[in-house]
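Notes to accompany the following structure.
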Amino acid sequence: MSILLVEDNLDLGDAVESKLRSAGHSVQWVRNGVEALRWGLDETWDALVLDINLPGKDGFTVIRELRAAGLEAPVLVVTARSEIEDKIDMLDLGADDYLVKPFDLRELEARLRALLRRPAGQTTSVTTYGNLSLDMANRHVVLAGTPLELGRREFRLLEILLGKLGQTVAKERLMNQLFDLDDGSLNALELLISRLRKKLAGASIDIVTVRGVGYQARSHEPS
């Protein structure tokens, strides 16, 4: 795959580039927002890996201008920002997924593989799991034909678990992706899981506790 990597940290950029190239991808690494826009518009990419804190133009500006220009390639954002609002803003602007630094390079590669399996332009489409449908772009959920009201964290939790359908997601990863450093606790996570389970009553998806490890979304036929 052809991947545009936008990262101004030399050590991290070198590590990501090496990892992606070793996996067989073609990588163009640029180190500022101005170059990201130039390369993003002049070439055709299968995916972008985009940092937020960039010299020249920040990642918010880059993704906004690239999407406005018609870029359809999936965008994986990597950021050191812990504020949930920043992550939501990036998703609203057209990002498909995000990772918070520091992250495991294996997870970055796995996230990219998942994005690259989507058909081109699926950033605004609906994904269906039995009687449950998710509109990733608009954060809209429909259960058995009825709109389901989910809070931002509830939607993100569901999105993370469905992105790893049938696989266990560790509690630590969920804590990192759902909460700021100061407001996250295991009790808060368990409460969030409990609320989401109640709202998913009757859905084709169950959220199962893997004791001592984390949680897993499993698909089944609704009764």
Indicate if [X] and [Y] have the same hydrophobic cluster label, given that clusters are the connected sets of ILVMFWY residues with side-chain heavy-atom separations under 4.5 angstrom.
X	Y	value
I63	V34	no
L165	L148	yes
V49	V27	yes
L41	L4	yes

*Cation over ring, R111 on Y98, under 6.0 Å and within 45°?*
no

Residues [X] and [Y] bridged, charged N to O under 4.0 Å:
X	Y	answer
E154	K199	yes
R113	E109	yes
K57	D8	no

*How about L54 and D51: do any of their side-chain heavy atoms sit closer than 4.5 Å?*
yes

_Show, in sequence, the C-alpha distance, side-chain angles and deciding distance for T209 and R197, and conclude whether the side-chain hydrogen bond (donor to acceptor under 3.5 Å, both in side chains) test is met._
CA-CA 11 Å; T209 301; R197 279 175 171 156; 2.7 Å; yes

*Out of curiosity, L162 CG to F155 CZ, how far, rounded to the nearest 0.5 Å?*
9.0 Å

*How long is the gap from CZ on R195 to NZ on K198, to the nearest 0.5 Å?*
9.5 Å

*Does the pair L20 and L105 meet the rule for a side chain to side chain contact (heavy atoms under 4.5 Å, CB included), with working shown?*
CA-CA 9 Å; L20 294 177; L105 291 175; over 6 Å; no

*List the steps, then state whether side chain to side chain contact (heavy atoms under 4.5 Å, CB included) holds for K164 with Q216.*
CA-CA 8 Å; K164 294 287 186 180; Q216 181 180 128; over 6 Å; no

_Can you give me the closest heavy-atom contact between V75 and L71, atom names plus distance?_
CG2-CD2, 4.4 Å

*Would you say W29's side chain and V16's backbone share a donor-acceptor pair under 3.5 angstrom?*
no

*Short question: side chain of D58, backbone of I52 - any donor-acceptor pair under 3.5 Å?*
no

*Matching residue for Y215 among L189, I160, V169 - test: side chain to side chain contact (heavy atoms under 4.5 Å, CB included)*: L189

*Which residue pairs pass the side-chain hydrogen bond (donor to acceptor under 3.5 Å, both in side chains) test with at least one member in residues 15-28, sequence neighbours excluded?*
E17-R21

*Just checking, any donor-acceptor pair under 3.5 angstrom between side chains of S204 and R218?*
no

